[in-house]
Amino acid sequence: MPMTGLQRSYTLWAPFYNKMVATPTRLARQRSLAQLGQPRPEGPILLCGIGSGLDIPYLPKGYNYVGIDITWAMLRQAQRAIHNQDNLILHQGDVMQLPYPDHGFQFVIMHFILAVVPQPQRVLDEAIRVLKPGGKILILDKFLQPKQWAPLRRWLSPWLGKIATRTDVVFEELSHPNLILLNNSPALARGWFRQILLYKPPQ
Ligand SMILES: C[S@@+](CC[C@H](N)C(=O)[O-])C[C@H]1O[C@@H](n2cnc3c(N)ncnc32)[C@H](O)[C@@H]1O
């Protein structure tokens, strides 16, 4: 398969990604991942767009994890971050078409991926599909508020979206039928980045 534009960009970003992103996002990551709580034997946890593995140091022990990303260069960084841990496996693949059966994961972590992909609704739909009833989706990303003016971010988004991330995604415009929004609170940059928690009630 030929590389997508984003794959090419993240292949170039990979050697610098941790230096640019680790420090400013550390606290927000820790807060988001603290929501995983004590391990429960209810299936593995999926990290969508695991990237270079900046979440790995903050993942609670006792769970099993699967990390998926489309960019080999980012996955190689993640592999280094794993060291000798045997509770996390990595897959190369597309989060808009997850290669997993329905209802397999008790949590899906989506840190800085929903606003990155060209079709966030497809990624959210896929996350909902693979989530078990009773499971939760943890989102950390940049979103505009509904009807927010933000002309620069809207104007730049078509360009930035091709090389790194979109800047015009409005979370409230994404649909998540039958999921309950448990949290939607500011995480970074005066609320541009938000921490969101969705719950899929048992059927
Ligand atoms: C901004 S980085 C976020 C990485 C990581 N989640 C973090 O918190 O640092 C976005 C990641 O999404 C990956 N990505 C972009 N499009 C993707 C797709 N369609 N499927 C899987 N991964 C994708 C990129 O390769 C990159 O590693």
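We count ligands from 1, going down the list as the structure has it; atoms in each ligand are counted the same way. On a predicted model such as this, the values are computed, not experimentally measured, just so you know.
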Atom indices of ligand 1 within 4.0 angstrom of R29 heavy atoms, with elements
7 (C), 8 (O), 9 (O)

T71: numbered ligand 1 atoms lying under 4.0 Å from its heavy atoms:
24 (C), 25 (O)

Element-labelled atoms of ligand 1 that are located less than 4.0 Å from some non-hydrogen atom of M74
27 (O)

Just by distance, do the side chain of S32 and the backbone of A28 share a donor-acceptor pair under 3.5 Å?
no

For ligand 1, which atoms sit closer than 4.0 Å to a heavy atom of D94?
18 (C), 19 (N), 20 (N)

Taking the non-hydrogen atoms of V21, is any one of them nearer than 4.0 angstrom to ligand 1?
no

Give me the atom names and distance for the closest heavy-atom approach of I56 to A78.
CD1-O, 3.8 Å

Exam field: side chain R194 to backbone L144, donor-acceptor pair closer than 3.5 Å
yes

Subset of ligand 1 atoms that lie under 4.0 Å from at least one heavy atom of G49
4 (C), 5 (C), 6 (N)

What atoms in ligand 1 come closer than 4.0 Å to a heavy atom of G93?
20 (N), 21 (C)

Is F171 close to L181 at the side-chain level, that is, under 4.5 Å between some pair of heavy atoms?
yes

Could you find the nearest protein heavy atom to atom 22 (N) of ligand 1 and give me its residue, atom name and distance?
I70 N, 3.1 Å

So is P118 in contact with ligand 1, going by heavy-atom distances below 4.0 Å?
no

If every non-hydrogen atom of P202 is compared with every non-hydrogen atom of P133, which pair is closest and at what distance?
CA-CB, 3.7 Å

For atom 27 (O) of ligand 1, what is the nearest protein heavy atom, given as residue, atom name and distance?
D69 OD2, 2.7 Å

So, is S52 polar-close to ligand 1, with some N/O to N/O distance under 3.5 Å?
no

Specify the protein heavy atom at minimum distance from atom 15 (C) of ligand 1: its residue, its atom name, and the distance to 0.1 Å.
V116 CG1, 3.9 Å

Ligand 1 contact by T165, heavy-atom criterion under 4.0 angstrom
no

Please state which protein non-hydrogen atom is closest to atom 2 (S) of ligand 1 and give its distance, to 0.1 Å?
Y17 OH, 3.3 Å

May I ask whether M110 places a heavy atom under 4.0 Å from ligand 1?
no

